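This report concerns only the one structure given below.
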Amino acid sequence: MAEPATFAAPLPAAFFDRATERVARELIGCRIVRRDGPHRRAGRIVETEAYLGPRDRACHSSRGRTARTEVMFGPAGVAYVYMIYGMYFCLNAVTRGPGVAEAVLVRAIEPLEGCLGRGDGPGRVCRALRIDGRLNSASLAGADLAILPADRPPAALARGPRVGVGYAGIWAKRLLRFWERGSPFVSRAQGKRAPA
DNA sequence: GTCCGGATCTTT
DNA sequence: AAGATCCGGACA
């Protein structure tokens with residue numbers, strides 16, 4: 001049986017088992033497909049951030065290996081989903097490992113199909129695709145959640161500092177955020193307060 | 001056990 | 001500019 005063209009093969013785990021910064025760049029333009037019961041929800045990634053492990057003070061794994069961060073210490077190619085501010089979830093792709101606790105945060109998607117609202121911000125990405133903590137540690141090549149290669153060439157990439165990590169010292173200044181230049185679906189990233 | 005603050009978003 | 005609303009991590 002021929003599948004619809006939109007069911008291309010997901011990215012293999014090996015895609016995620018490479019330098020995290022590179023994965024963050026190459027994820028721009030890729031598609032997230034979520035099976036939510038009878039619903040199919042999909043979006044095209046337009047904004048990401050790289051989190052570079054224990055040495056990166058903005059990365060959760062810099063506080064050590066704990067129940068929450070455990071999944072980041074495992075193999076690449078699974079989801080790290082955590083709750084923030086008591087009401088939103090954020091979706092990450094675990095990169096590298098086992099033993100290397102790095103990840104890429106999906107900050108914005110262009111809604112393609114079945115999305116619940118907009119996807120211009122990490123909390124909205126999870127709301128749009130109905131992703132919550134139950135998908136923590138799920139495969140990114142699975143039936144319920146998958147990341148597929150880009151089906152059209154992404155526009156030029158832009159990069160800048162990550163959002164909301166002003167506490168992270170020199171790591172706050174690193175240009176680890178990537179987005180598709182000119183996309184109207186990128187988060188506003190209103191920058192939070194500047195460090196004193 | 002208490003306390004603090006956050007990889008956010010919405011409303012004022 | 002501040003509230004919503006909860007958990008992880010730090011400390012005692």
Side-chain angles (χ1 to χ4, degrees), chain A residues 16 19-25 27-28 30 32 43 45-74 76 78-97 100-111 115-138 140 145 147 158-180 183-196:
Chain A
F16 298 95
T20 298
E21 227 178 295
R22 179 165 186 192
V23 174
R25 274 189 274 115
L27 276 175
I28 302 295
C30 294
I32 304 178
I45 299 171
V46 294
E47 182 181 352
T48 61
E49 283 176 356
Y51 285 84
L52 302 183
R55 69 186 196 279
D56 175 0
R57 284 181 51 202
C59 185
H60 291 168
S61 63
S62 71
R63 262 75 113 203
R65 185 170 185 156
T66 66
R68 180 174 64 148
T69 61
E70 179 63 27
V71 64
M72 269 200 283
F73 287 82
V78 301
Y80 167 43
V81 181
Y82 68 92
M83 174 174 276
I84 189 160
Y85 299 115
M87 42 177 71
Y88 297 103
F89 289 98
C90 293
L91 170 67
N92 297 255
V94 173
T95 60
R96 306 188 65 199
V100 183
E102 305 189 1
V104 173
L105 171 68
V106 178
R107 279 198 59 88
I109 58 170
E110 170 185 344
C115 285
L116 306 168
R118 307 223 177 299
D120 52 338
R124 288 173 178 162
V125 167
C126 286
R127 190 180 58 186
L129 298 173
R130 195 171 257 183
I131 287 168
D132 63 28
R134 289 172 296 188
L135 280 168
N136 188 45
S137 82
L140 295 174
L145 183 64
I147 301 185
R159 68 186 297 173
R162 293 173 295 183
V163 175
V165 298
Y167 59 85
I170 61 167
W171 286 93
K173 301 181 177 175
R174 294 279 306 269
L175 305 182
L176 294 175
R177 171 174 169 244
F178 303 90
W179 66 93
E180 185 177 46
S183 169
F185 303 101
V186 169
S187 75
R188 291 221 205 347
Q190 46 209 349
K192 298 289 169 186
R193 48 209 149 247

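Predicted model, so just to flag it, every value in this text is computed and none were measured. Naming: A, B, ... by sequence-line order, numbering from 1 per chain.
Residue R188(A) places none of its side-chain N or O atoms closer than 4.0 Å to OP1 or OP2 of dT8(B). A close approach under 4.0 Å does not occur between any side-chain nitrogen or oxygen of Y82(A) and OP1 or OP2 of dG6(B). Side-chain nitrogen and oxygen atoms of H60(A) include none within less than 4.0 Å of the OP1 or OP2 phosphate oxygen of dG8(C).
For F89(A) and dC9(B), the CZ to P distance is 14 Å, given to the nearest whole Å. Nucleotide dA7(B) holds its P atom 11 Å from the CG atom of D56(A), rounded to whole Å. Computed from coordinates, the Y88(A) OH to dG5(B) P distance equals 21 Å when rounded to whole Å. In this structure, I84(A) places its CD1 atom 19 Å from P of dG3(C), rounding to the nearest Å. dA7(B) atom P lies 16 Å from atom CD of E47(A), rounded to whole Å. The separation between M72(A) atom CE and dG8(C) atom P is 13 Å, rounded to whole Å. Summarising the geometry, the separation between CG on L116(A) and P on dC9(B) is reported as 15 Å, rounded to the nearest angstrom. Rounded to whole Å, atom C1' of dA4(C) lies 12 Å from atom OH of Y85(A).
Put simply, the side chain of S183(A) never gets that close to the backbone of V46(A): no donor and acceptor are under 3.5 Å apart.
Checked options V78(A), V94(A), L27(A), V104(A); the residue passing with F16(A) is L27(A) (criterion: side chain to side chain contact (heavy atoms under 4.5 Å, CB included)).
Of the residues in residues 61-70 of chain A, those lying under 4.0 Å from DNA chain C by heavy-atom distance are R63(A), T66(A), R68(A), T69(A).
Within a 6.0 Å sphere centred on CZ of R159(A), other residues, nucleotides and ligands contribute more than 12 heavy atoms.
Within the structure, salt bridge (charged side-chain N to carboxylate O under 4.0 Å, His left out) pairs that include any residue of residues 164-174 of chain A comprise E21(A)-R174(A) (at least two apart or interchain).
When every heavy atom of L129(A) is checked against every heavy atom of C115(A), the shortest pair comes out as CD2-SG, 4.0 Å. Here the shortest heavy-atom pairing between S62(A) and P54(A) reads CB-O, 3.2 Å. Residue T48(A) comes nearest to A24(A) through the heavy atom pair OG1-O, 2.8 Å, listed as atom of the first residue, atom of the second, then distance. Closest heavy-atom contact between L175(A) and F178(A): O-CZ, 4.0 Å.
A cation-pi contact, defined as under 6.0 Å to the ring centre and within 45° of the axis, links R162(A) to Y51(A).
G86(A) comes within 4.0 angstrom of a nucleotide base, judged by non-hydrogen atoms across all strands.
Consecutive Watson-Crick or G-U pairs involving DNA chain C, each under 3.5 Å on both distances, make up stems of three or more pairs at B:1-6 with C:6-11, B:8-11 with C:1-4.
Nearest to the side chain of M83(A), among dT5(C), dC7(C), dA7(B), sits dC7(C). Each of dC9(B), dA4(C), dA7(B) was ranked by its minimum atom distance to the side chain of M87(A); first place goes to dA4(C).
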